[in-house]
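Worksheet: one structure, shown below.
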Amino acid sequence: MKKNYYITTPIYYPSANLHIGHAYCTTCCDVIARFRRIRGYNTYFLTGADEHGEKIEKNAEAKGMTPQAFVDDIVKGIEDLWKALEITNDDFIRTTQERHWMVVQKIFSRLLEQGDIYLGKYKGWYCTPCESFWTDTQVGENHICPDCGREVHEAEEEAYFFKVSKYADRLVKFYDEHPEFIYPESRKNEMLNTFIKPGLEDLCISRTSFSWGVPIKENPKHVIYVWIDALVNYISALGYLSEDTSKFKEFWGEDTEIVHVIGNDITRFHTIYWPILLMALDLRLPDKVFVHGLLMMKDGKMSKSKGNVINPYPLIEKYGVDAVRYYLVRETIFGQDGTFSPEQFAERLNMDLANDYGNLLSRTISMISKYFNGVIPRYVGDVTEYDHYLRELADVTVKKYEEGFDSLHITDSFIAVMEFVSRANKYIDETMPWALAKDESKTKELASVMTHLANVLYISSILLQPVLIHAANKALDALGVSDELKKYDNVYGFGKLQNVEVHKIDPLFPRLDVAKETEYIKGLMQNK
């Protein structure tokens, strides 16, 4: 098992303020990073901003701003949003930082020197929003960008090219030898059938028609194509080719599991050009490129023009950061497309957090206070005919939870935890502790029920810590869990929580009026 873990989000393009769709990817990565840390992995979590390109230059010009001032303003908003969501990234890389563009220049010079880059002329179809060149076949008769669906325009200019065709066979071989490299597999098939097998063309990697980018030292009228520039962030942030390469050696070495989490619109760059670039540099390749789905609205992708953009800030302010984080991770299966709706948001919080988890905690603490003077009884194993269900399910839940995280199917992990919590609520109905309390001969059974319930909450709360960053710890404190018992390894083996005093607390998640909250959230979606 590898001892280090390096996880990255895409670096976000600051052409406009971010919305909840962007928050989705970063929150999921944060949950994964938090899980790895509590499991004892030496974890490094990177996010950042991709700040160069023609689109940025034009947007800045339209606002009467310099490109740097334009991106500075938006990047501050990105960093503020991550703070609001309590994202625990270890670094925030900006492609306008000297530490980054110096590495990009050094890489370009090395590839030029070793013959992997050459100067030529490019004529093709260019999509400004995507910063992408396309062939006649790819844009079709209507000259439409295959990625974003917008019109492209013809462009011809002197340009440098990267000999990606030289590495095509080696890339296919790597795919074959590492079937887990791209998830989902359908994305790998798409890359093979659409781009590689028809013949991988050398990639245009410089522009002269605009200046907002990393200049090529050998020919300063050229700036380096934004995608090559952007992809290098994953190693420039670690100090590759810098004076201090210790972090790079630590987190890009063979002892590290390297995972890139990306959106499906940038799959080609991360699964074709990025691996080839690393091959040309004689560097190891990542272990996995995980392509998550889109978080959409009922009427399609979020966009300001449709008036369906959700700003995360009011949701965090009204419902709490835990509720927003949980909804993002739980409602949409990680790796598939999902839909945000106000009704689903309120109903999910009610069902899982208020009714199941929060209610179980309140009921359990109330009963332990009432029947056992606020002290969790000693665990003596299975006593009632229903006890074994919880004990056995605890082991199954931990196994499913860890398997989900190991495969990045994190939604499955939290579904398993909530099924465990839901089973405990059913267990209360089965054992009827209020009836047991009326019969002095049933004291042993009553004590067992309280201990089993407390231990379900104890294990569940430890497992929920990566997503419910405040509520899970409040629950553990209310259950009297010591710092030593809060350590993750205690989830193995049922019945460790006993003979400690519980403390009553306010409900973790108040029940919501779905109709009322739906109207409130719809109001946030109005195009203003």
Side-chain angles (χ1 to χ4, degrees), residues 10-19 21-22 48-79 81 93-98 100-101 104-105 108 121-135 138-139 142-161 203-216 219-233 262-263 265-266 268-269 273 301-307 309 311 527-528:
I11 51 174
Y12 298 100
Y13 200 55
S15 58
N17 291 323
L18 302 192
H19 52 66
H22 302 100
D50 169 15
E51 302 178 29
H52 289 134
E54 185 178 11
K55 186 177 178 181
I56 295 284
E57 189 173 81
K58 286 187 173 182
N59 286 2
E61 186 180 344
K63 289 201 166 189
M65 302 171 71
T66 66
Q68 189 65 61
F70 179 82
V71 294
D72 283 348
D73 187 48
I74 295 178
V75 168
K76 182 182 184 304
I78 295 173
E79 293 185 295
L81 178 56
I93 183 74
R94 299 183 61 180
T95 58
T96 53
Q97 290 171 333
E98 184 180 8
H100 172 76
W101 56 256
V104 174
Q105 286 182 325
F108 186 95
K121 277 208 169 183
Y122 190 86
K123 182 178 181 180
W125 298 97
Y126 188 71
C127 175
T128 299
C130 293
E131 307 279 3
S132 298
F133 276 110
W134 302 98
T135 63
Q138 289 168 330
V139 300
N142 296 321
H143 305 142
I144 298 298
C145 172
D147 267 357
C148 72
R150 296 180 177 91
E151 277 193 36
V152 294
H153 63 273
E154 258 190 314
E156 180 177 1
E157 59 186 271
E158 180 184 84
Y160 285 90
F161 290 81
L203 181 66
C204 175
I205 59 166
S206 78
R207 301 293 308 281
T208 57
S209 57
F210 64 92
S211 61
W212 184 239
V214 178
I216 292 171
N219 196 348
K221 71 176 182 179
H222 288 258
V223 294
I224 296 170
Y225 178 49
V226 65
W227 270 108
I228 293 299
D229 168 12
L231 289 166
V232 170
N233 91 88
I262 63 167
D265 55 333
I266 53 176
R268 177 168 60 110
F269 299 97
Y273 302 129
K301 288 180 72 172
M302 294 184 193
S303 73
K304 287 190 174 182
S305 61
K306 288 183 179 178
V309 169
N311 183 334
N527 188 21
K528 297 178 181 177

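Just so you know, these numbers come straight off a predicted model, no measurement behind them.
When all heavy atoms of Ser206 and Glu157 are compared, the pair lying nearest together is O-OE1, 4.2 Å. When all heavy atoms are compared, the tightest approach of His52 to Thr95 is CE1-O, 3.1 Å. Annotation for Tyr12 and His22: closest pair OH-O, 3.5 Å, computed over non-hydrogen atoms. Closest of all the heavy-atom pairs between Cys145 and Trp134 is SG-NE1, 3.5 Å. The minimum heavy-atom distance linking Glu158 with Thr208 is given by the pair O-CG2, 3.9 Å. The two residues Ala155 and Tyr126 have their closest heavy-atom pair at CB-CB, 4.2 Å.
A distance-only check finds a donor-acceptor pair linking the side chain of Asn233 to the backbone of Ala230 [under 3.5 Å]. In terms of modelled atom types and a separation under 3.5 Å, the side chain of His100 and the main chain of Val232 share no donor-acceptor contact. Without hydrogens or angle criteria, Trp212 side chain to Glu51 main chain gives a donor-acceptor distance under 3.5 Å. Judged by distance alone, with hydrogens and angles left aside, the side-chain atoms of Glu154 form no donor-acceptor pair with the main-chain N or O of Lys123 at under 3.5 Å. Side chain of Glu57 to backbone of Ser211: a donor-acceptor contact under 3.5 angstrom is found.
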Apply side chain to side chain contact (heavy atoms under 4.5 Å, CB included) to residues Ile228 and Leu203 and explain how you reach the verdict.
CA-CA 10 Å; Ile228 293 299; Leu203 181 66; 4.0 Å; yes

Side chain to side chain contact (heavy atoms under 4.5 Å, CB included) evaluation trace for Asp72 with Arg94 | CA-CA 10 Å; Asp72 283 348; Arg94 299 183 61 180; 2.6 Å; yes

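Using the six-membered ring where Trp is involved, Phe269 and Tyr225 have ring planes that are tilted, between 30° and 60° apart.
The shortest distance between side-chain heavy atoms of Asn59 and Lys63 does not fall below 4.5 Å. Residues Gln105 and Ile216 fail the side-chain proximity criterion, which asks for heavy atoms closer than 4.5 Å. Within the 4.5 Å cutoff, side-chain heavy atoms of His153 are placed close to those of Thr128. Under the 4.5 Å side-chain criterion, counting only non-hydrogen atoms from C-beta, Cys127 is not in contact with Asp147.
Annotation: the span from Ile93 atom CD1 to Asp50 atom CG amounts to 11.0 Å, rounded to 0.5 Å. Here Ile56 contributes atom CD1 and Thr96 contributes atom OG1; the two are 10.0 Å apart, rounded to the nearest 0.5 Å. Remark: Glu151 CD to Ile144 CD1 distance equals 5.0 Å, nearest 0.5 Å. The CH2 atom of Trp125 sits 11.0 Å away from the OG1 atom of Thr135 when rounded to the nearest 0.5 Å. Taking OH from Tyr13 and CD1 from Ile78, the interatomic distance works out to 12.0 Å, rounded to the nearest 0.5 Å.
Heavy-atom neighbours of Glu156 CD from other residues, nucleotides or ligands within 6.0 Å: above the threshold of 12.
In terms of the ring-ring contact (aromatic ring centres under 6.0 Å, His included) criterion, residue partners of Phe108 (sequence neighbours excluded) are, by chain and number, Tyr160.
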